[in-house]
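Each remark here refers to the structure printed beneath this line.
Please read these numbers as outputs of a predicted model, since none were measured by experiment. Whatever order the structure lists ligands and atoms in, that order sets their numbers, starting from 1.
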Amino acid sequence: MKSLDEIAAQLQGYDPQALSAEGVGEFLSHLVSPVAETESVGLFDALGRVLAEDVISPLSVPPHDNSAMDGFAFDGSQLRADAALELEVVGTALAGKAWQGAAGPLQCVKIMTGAIMPAGLDTVVPQEFTKPAGDNRVLVPAGVLKPGDNRRLKGEDLAEGKPALLAGERLGPAAVGLLASIGLPSVRVKRRAKVAYFSTGDEILSLGEPPREGAVYDSNRYTVFGLLTRLGCEVIDMGVVRDEPAQLEAAFRDAAARVDAIITSGGVSVGEADYTKAMMKKLGDVAFWRIAMRPGRPMAVGRIGSSVLFGLPGNPVAVMVTFLAFVRPALLKMMGARAEPVPQLKAHSLEPMRKKPGRTEYQRGVVSKSADGVLQVRTTGNQGSGVLSSMVQANCLVVLHHAQGNVAVGEEVDVMMFDGVV
Ligand code: AMP
Ligand code: MG
C-alpha cells in the first residue's frame, strides 16, 4: 500500500492546491486497489456483480446448426439465379429434436425455427417466400435467397472452450442471460465493495427533525446512497455526524474498521471552521485538494486505516459531480471492474456557454434530438452548486474540458449521459 507522498512523487506536476480533473483520476487510480475476496452466487443474485475470473464456455451456443425461420430446408447448391426450384417435401423437423431422415436432390424438409438442420442441408427458404406447387411440393422463386441463408451456425454465439465473458465484466441483464445460455447455475464474482457514508455539519438536519432557521435537510446521504446502490456497492449509512471531535473520531474509527471506502460530505473547504478536516488528518494519511473544476473544488482524499477516504464537498451538486467524475471510477476499480467510463456523446450547444480555460466544468444539461435528427444540448439554467433540482432536470453533464474556452451556439460539446447511473 503506497502512502500519499509516494503516489504524489510518481506523478508529474502534482500540486494539491491546483489539481486538474485528469490529475485527480490518475492519483486515485494509484490509491485504490481491487478487493481480493470472491464468492460464488446464483444467477438471480449475479446482476450488477463483477466477474472474478474468465468464464470459459463449456459448450457451443447454439449447439447445432439450426434454422432461423419457419420454412423449408434444402441443399442451397441447387439454387439457380434465373430459374425457380421445385422441391418435394419429404419430412418435418421440429424444434427440440433432430429429424432422422435423409433428403436428396430436389427434396426438402419442412422446418421450424430453432430445429436442427437435417444432415446435408444448409439453406432455409422462409415459408412466406415459397409458392405451393401441388401436393407435398413447394416452389422457391428465383432470386429470393442465397445458399446458406436463414441457417444459424453451431457456435456462432459462443464457441466451446473459448471465453464467454472476461474477468472484470460488470454483469448486466444480457451477461447474466449469456451465463444461463451456457448452462451455468452460479458464477464466481468479487465480493461487493463495502462503503460507509455520513454527512457532517451542524447545520445539517436529519429527516424527521423539525426545520430550524439556518439549517438544511441532509440530501447528500440520499444521493450518495443512490449512486452507490446503482453501482452495486454494499452500503452502510452512518447518518449525520455532529461537528464535534469525539463524535467525528468515533464515526471515522467505526467506519474504518468495517469498510473498504468512506465517503463523507461537507467540512473540507478552505474556510471551514469545523473539526472534520482536523480529524481526518489526525486519524489518517489524508490530502486536502483544490481541484480546478466547477462545481466541486475542495476534496479530501486518503486513507484511514485500510479504508480509502473520499471527503466530498458539502454542496449537493458538487457531491454528485465529484462522485461521478472521481469516486465512481475509483470504486469500479475497487470492485474489480474493467474501466467503464460513463458514455460521452457529442451534442451541439443550443446556447452560448461562458467558460474559463484552466478548469473543468460540469454543467447540467438536457440532450435532445433536433428536427433533423442531430443531438443538441441546453443547460438547465441556474448552475449553482447547491441547486439539486438541476440534477433532476438534467439527463447529462456537459463536460467543458480543462483547456476549453467559451462555447458558441451550435458548437459541439461533450456530454456525459446519466442513463442508468444517476
Ligand atoms: P461545506 O462544504 O460544509 O462548506 O458545505 C457547503 C454547502 O453545502 C453548505 O451550504 C451546506 O449547508 C451544504 N451542505 C453540506 N452538507 C450537506 C448535506 N448533507 N445535505 C445538503 N446540503 C449540505
Ligand atoms: Mg460545513
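For ligand 1, the polar-atom distance check finds no N/O of R221 at less than 3.5 Å from any of the ligand's N/O atoms. Remark: ligand 1 and V216 share no N or O pair separated by less than 3.5 Å (distance only, no angle test). Residue G314 has at least one nitrogen or oxygen atom sitting less than 3.5 Å from a nitrogen or oxygen atom of ligand 1, judged on distance alone.
Against a heavy-atom cut-off of under 4.0 Å, Y217 is close to the following atoms of ligand 1: 20 (N), 21 (C). Here is the list of ligand 1 atoms found below 4.0 Å of a heavy atom in G267: 1 (P), 2 (O), 3 (O). Heavy-atom contacts of G266 reach the following atoms of ligand 1: 2 (O), 3 (O) (cutoff under 4.0 Å). Counting atoms of ligand 1 from 1 in the listed order, those under 4.0 Å from a heavy atom of I204 are 14 (N), 15 (C), 16 (N), 17 (C), 18 (C), 19 (N), 23 (C). Within ligand 1, counting atoms from 1 as listed, the ones closer than 4.0 Å to a heavy atom of S199 are 19 (N).
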Show me, pair by pair, the donor-acceptor contacts under 3.5 angstrom made by side chains of residues 12-28, not counting sequence neighbours?
from, atom 1, to, atom 2, distance (Å)
Y14, OH, W289, NE1, 2.8
D15, OD1, Q17, N, 2.9
S20, OG, G23, N, 3.0

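Salt bridge absent: K162 and D54 never bring a charged side-chain N and a carboxylate O closer than 4.0 Å. Salt bridge annotation for E37-R191: present, with a cationic side-chain nitrogen under 4.0 angstrom from a carboxylate oxygen. Here E39 pairs with R49 in a salt bridge; the nearest charged N to carboxylate O distance falls below 4.0 Å.
Among T200, D243, L312, D218, the residue whose heavy atom lies closest to atom 19 (N) of ligand 1 is D218.
Remark: the R364 side chain and the S390 side chain contain an N/O donor-acceptor pair separated by less than 3.5 Å. Counted by atom type alone, S349 and E411 present zero donor-acceptor pairs between their side chains at under 3.5 Å.
In S269, the part holding a heavy atom less than 4.0 Å from any atom of ligand 1 is the side chain. Neither the backbone nor the side chain of P298 comes within contact range of ligand 1; no heavy atom lies under 4.0 Å.
The shell of residues lying under 4.0 angstrom from ligand 1, judged by heavy atoms, includes P316. Put simply, part of S219 is less than 4.0 Å from ligand 1, judged by heavy atoms.
At least one side-chain heavy atom of L43 sits less than 4.5 Å from a side-chain heavy atom of V187. Side-chain contact between Y222 and Y217: absent, with no pair of heavy atoms (C-beta onward) separated by less than 4.5 Å. Proximity of Y197 to M238: side-chain heavy atoms (C-beta onward) are nowhere separated by under 4.5 Å.
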